[in-house]
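Following: one structure in structure tokens, then a few remarks.
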Number of protein chains: 2
Amino acid sequence: MKKQKDTCETRLTDSSAVEHVVERLSGERELAGMAEMFKALAEPTRIKIIEALSLRELCVCDLSVVLGMSQSATSHQLRLLRHLGLVRFRKAGKVCYYSLDDDHVSELLSAVREHNLHKREK
Amino acid sequence: MKKQKDTCETRLTDSSAVEHVVERLSGERELAGMAEMFKALAEPTRIKIIEALSLRELCVCDLSVVLGMSQSATSHQLRLLRHLGLVRFRKAGKVCYYSLDDDHVSELLSAVREHNLHKREK
DNA sequence: CCTATATATGAATATATGTTCACGTGTGAA
DNA sequence: TTCACACGTGAACATATATTCATATATAGG
């Protein structure tokens with residue numbers, strides 16, 4: 001009975017390399033956290049939100065106009081960013097003003113923006 | 001006939017703010033490019049790949065062992081990273097060695113890693 | 001109290017995407 | 001040539017997630 005498994009067990013490649021690398025990888029917990037952070041920026045809609053709020057505080061309604069999408073959709077995305085601690089809000093009567101709560105995020109955006117520009121001219 | 005639309009047209013909030021912000025947002029093209037970049041890192045699996053290849057060149061088979069997933073799945077993810085120009089490969093007989101083709105990417109990883117560590121201790 | 005407005009949110013739906021499965025290609029060895 | 005292995009890939013499937021829709025909450029004004 002040949003148990004041909006998916007990950008070829010009869011390895012001929014460098015197994016010490018595998019050990020060396022595995023030891024140095026981030027833990028699952030840490031990886032998940034990093035992925036979650038990147039996931040927050042993995043959508044044009046949310047990048048727009050971060051860009052907009054990095055310029056100035058905005059209420060949900062104005063923000064939805066900026067984004068060109070419904071108030072509901074905007075609100076859902078804001079909740080996501082809120083739970084990640086990327087934005088904060090303040091209530092003023094009926095209106096709810098959102099602003100950035102994480103300076104590093106817009107730096108990440110800038111880094112990728114410039115990186116992509118460089119790459120395009122290659 | 002009241003045409004109560006989704007995005008409230010009878011705005012009472014700052015409309016000059018909207019203009020100001022809209023003018024300064026990145027273009028759709030640029031936004032899509034940025035999102036694509038972040039999307040590449042928005043998965044623990046791919047972060048692992050980047051981390052691993054930043055340590056040393058690895059063949060697909062060894063990499064799949066490192067990742068703890070099938071060769072096929074690994075190959076699919078590598079294709080994605082290849083198309084984004086994040087990794088390169090070289091063939092040696094049957095074996096195919098992959099390595100990082102973008103230094104900036106691991107810097108992004110480091111940035112987010114440290115950022116999350118700081119945040120956790122808050 | 002009644003109405004209108006700003007926002008939040010659960011459920012449903014549509015779409016994107018990661019993984020598996022089956023198979024094809026290319027290479028080295030017997 | 002025949003076989004085994006490393007890798008790539010299309011299709012199917014499963015899951016995640018963005019948006020819409022309907023509705024709830026809260027607040028201001030009349």
Side-chain angles (χ1 to χ4, degrees), chain A residues 2-15 18 31-32 35-36 38-49 57-65 67-84 87-98, chain B residues 2-14 18 31-32 35-36 38-49 57-84 87-98:
Chain A
K2 283 201 299 184
K3 184 111 179 291
Q4 260 300 65
K5 242 1 235 339
D6 45 357
T7 46
C8 33
E9 303 175 16
T10 47
R11 320 242 350 101
L12 38 102
T13 39
D14 197 345
S15 72
V18 173
L31 285 169
E36 198 175 37
F38 285 119
K39 212 170 283 189
L41 304 175
E43 198 73 16
T45 291
R46 287 190 292 268
I47 298 182
K48 259 192 193 172
I49 293 180
E57 183 185 60
L58 283 170
C59 71
V60 178
C61 197
D62 282 352
L63 184 56
S64 73
V65 173
L67 300 175
M69 51 193 264
S70 73
Q71 173 271 320
S72 177
T74 304
S75 207
H76 277 294
Q77 296 301 338
L78 284 173
R79 175 167 59 166
L80 201 158
L81 297 175
R82 227 168 47 214
H83 289 336
L84 287 175
V87 302
R88 64 165 162 270
F89 65 97
R90 112 187 129 78
K91 294 206 68 172
K94 293 184 292 185
V95 186
C96 194
Y97 290 98
Y98 278 81
Chain B
K2 284 202 300 185
K3 184 115 178 287
Q4 261 298 63
K5 242 0 236 334
D6 46 357
T7 45
C8 31
E9 302 174 16
T10 47
R11 319 241 353 99
L12 39 101
T13 38
D14 198 344
V18 172
L31 286 169
E36 198 175 37
F38 284 119
K39 215 171 279 190
L41 304 175
E43 198 74 14
T45 293
R46 287 190 292 268
I47 297 182
K48 258 191 192 172
I49 294 179
E57 183 185 61
L58 283 170
C59 70
V60 178
C61 197
D62 282 352
L63 184 57
S64 72
V65 174
V66 168
L67 300 176
M69 50 193 265
S70 73
Q71 175 269 319
S72 178
T74 304
S75 209
H76 277 294
Q77 296 300 340
L78 283 173
R79 176 167 57 165
L80 200 158
L81 297 175
R82 228 168 47 216
H83 289 336
L84 287 175
V87 303
R88 62 164 164 270
F89 66 97
R90 106 188 135 77
K91 294 206 68 171
K94 293 184 292 186
V95 186
C96 195
Y97 291 97
Y98 278 81

Can you check the [X] [atom1] to [N] [atom2] distance for me, whole Å?
| X | N | atom1 | atom2 | value |
| --- | --- | --- | --- | --- |
| His83(B) | dG8(D) | NE2 | C1' | 11 Å |
| Leu81(A) | dT7(C) | CG | P | 16 Å |
| Ile49(B) | dC7(D) | CD1 | P | 13 Å |

Quick check: closest heavy atoms across [X] and [Y], and the distance to 0.1 Å?
| X | Y | answer |
| --- | --- | --- |
| Ile49(A) | Leu63(A) | CG2-CD2, 4.2 Å |
| Ala42(A) | Ala42(B) | CB-CB, 4.1 Å |
| Cys59(B) | Tyr97(B) | N-CD2, 3.6 Å |
| Val18(A) | Val66(B) | CG1-CG2, 3.8 Å |
| Ile47(A) | Ala35(B) | CD1-N, 3.6 Å |
| Lys39(A) | Arg46(A) | O-NH2, 3.0 Å |

Audit row: Leu80(B), Gln77(B), side-chain contact (heavy atoms from CB on, under 4.5 Å) steps and yes/no: CA-CA 5 Å; Leu80(B) 200 158; Gln77(B) 296 300 340; 4.1 Å; yes
Arg82(B) side chain near dC7(D) phosphate (N/O to OP1/OP2, under 4.0 Å): no
Contact under 4.0 Å: Arg79(B) side-chain N or O vs dC7(D) OP1/OP2: no
Annotated protein contacts, base or backbone, on nucleotides 16-25 of chain D with a non-hydrogen cut-off under 4.0 Å, one of B, S, - each: -SSBBBB---
Contact list (N/O, under 3.5 angstrom) for nucleotides 26-30 of chain D vs protein:
none

Selection from dG8(D), dA8(C), dA6(C) that lies nearest to any side-chain heavy atom of Tyr98(B):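 Minimum distance to the Tyr98(B) side chain belongs to dG8(D).
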Trace of the side-chain contact (heavy atoms from CB on, under 4.5 Å) decision for Glu57(B) with Arg90(B): CA-CA 10 Å; Glu57(B) 183 185 61; Arg90(B) 106 188 135 77; 2.8 Å; yes
